[in-house]
Amino acid sequence: VQLQASGGGLVQAGDSLRLSCAASGRTFSSFAMGWFRQAPGKEREFVAAITWSGIGTYFRDSVKGRFTISRDNAKNTVYLQMNSLKPEDTAVYYCAAKDLSVSRWLTSTASRTQNYDFWGQGTQVTVSS
């Protein structure tokens, strides 16, 4: 599957952004989806994930209550709505897909980069103070 992330930009602290990740090439509902981010000089870190049905969602603690993840399987797209953005949210954001035909979803591994089989190219989010 090919993943194309978009929606990043330069915003001020407290603003909102919505990232989108469009998938193509495979049946979208065959994948659980995740968002990760990587700031300069830091390792890639988990942000959020969503199961194939959209029923299960998972977040890193620092974004709980500010970010939401959703998906539209009819549009082959997953979204990351980011509210109350902070300068520490500045990073390149990547979407990722876990192929459920290869291995089943485990909540315990939702945050691990190794859990995902496909990655998008990333979109830059910069939050100024």
Side-chain angles (χ1 to χ4, degrees):
V1 67
Q2 291 78 46
L3 303 174
Q4 180 72 42
S6 62
L10 172 63
V11 297
Q12 293 186 332
D15 285 350
S16 298
L17 274 177
R18 188 177 80 157
L19 305 184
S20 299
C21 176
S24 61
R26 292 273 304 275
T27 303
F28 188 57
S29 57
S30 298
F31 296 89
M33 301 297 296
W35 285 97
F36 288 74
R37 66 188 181 188
Q38 188 166 19
K42 295 187 176 181
E43 292 188 353
R44 190 168 298 189
E45 65 181 20
F46 170 75
V47 177
I50 188 168
T51 56
W52 72 270
S53 64
I55 293 176
T57 58
Y58 313 87
F59 300 91
R60 70 179 296 107
D61 286 346
S62 63
V63 308
K64 286 180 181 177
R66 300 188 298 123
F67 291 12
T68 58
I69 186 171
S70 61
R71 65 190 294 161
D72 185 336
N73 287 345
K75 295 183 178 180
N76 294 344
T77 303
V78 61
Y79 305 97
L80 184 69
Q81 177 67 43
M82 306 185 294
N83 299 328
S84 302
L85 282 162
K86 303 176 180 180
E88 51 263 44
D89 295 318
T90 295
V92 177
Y93 283 70
Y94 299 89
C95 60
K98 175 179 173 57
D99 189 342
L100 299 174
S101 69
V102 174
S103 60
R104 64 190 181 100
W105 176 260
L106 293 174
T107 300
S108 59
T109 60
S111 63
R112 300 179 188 174
T113 57
Q114 307 94 306
N115 190 42
Y116 297 84
D117 304 291
F118 302 94
W119 292 82
Q121 86 292 355
T123 185
Q124 176 71 48
V125 172
T126 303
V127 185
S128 63
S129 57

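No experiment lies behind these values; they were computed from the predicted model shown. Atoms considered below: every heavy atom in the structure, side chains included; atoms not considered: hydrogens, waters and symmetry mates.
- Considering all non-hydrogen atoms of both residues, Thr113 and Trp119 come closest at O-CZ2, 3.6 Å.
- Within the cation-pi definition used here (under 6.0 Å to the ring centroid, within 45° of the axis), Arg18 qualifies as a partner of Tyr79.
- Transitive grouping of hydrophobic side chains (ILVMFWY, heavy atoms separated by less than 4.5 Å) keeps Leu80 and Phe36 in distinct clusters.
- Between the Asp117 side chain and the Asp99 main chain, a donor and an acceptor come within less than 3.5 Å of each other.
- Between Leu100 and Ser30 there is no side-chain heavy-atom pair separated by less than 4.5 Å.
- Between Leu85 and Phe67, some side-chain heavy-atom pair lies under the 4.5 Å cut-off.
- Residues Phe46 and Met33 fall into different hydrophobic clusters, defined by Ile, Leu, Val, Met, Phe, Trp and Tyr side chains chained together at heavy-atom separations under 4.5 Å.
- Between Ala91 and Ala39, the shortest heavy-atom contact is CB-N, 3.8 Å.
- For the pair Ser20 and Thr77, the tightest heavy-atom approach, listed with the atom from each and the gap, is CB-CG2, 4.2 Å.
- A donor-acceptor contact under 3.5 angstrom links the side chains of Gln124 and Thr126, judged on distance only.
- In this structure, Trp52 places its CH2 atom where only 12 or fewer heavy-atom neighbours from other residues, nucleotides or ligands lie under 6.0 Å away.
- Contact annotation: the side chain of Met82 never approaches that of Val11 to less than 4.5 Å [non-hydrogen atoms, C-beta and beyond].
- Listed here is the closest heavy atom pair of Asn73 and Asn76: O-OD1, 3.1 Å.
- Between Asp61 and Lys64, at least one side-chain nitrogen of the basic residue sits less than 4.0 Å from a carboxylate oxygen of the acidic one, meeting the salt-bridge criterion.
- Listed for the Gln121 side chain is no donor-acceptor partner under 3.5 Å among the backbone atoms of Gln4.
- For Arg26 and Phe31, the positive end is not near the middle of the six-membered ring at less than 6.0 Å and at most 45° from its axis.
- Taking 4.5 Å as the limit, every side-chain heavy atom of Ile50 sits out of range of all side-chain heavy atoms of Trp35.
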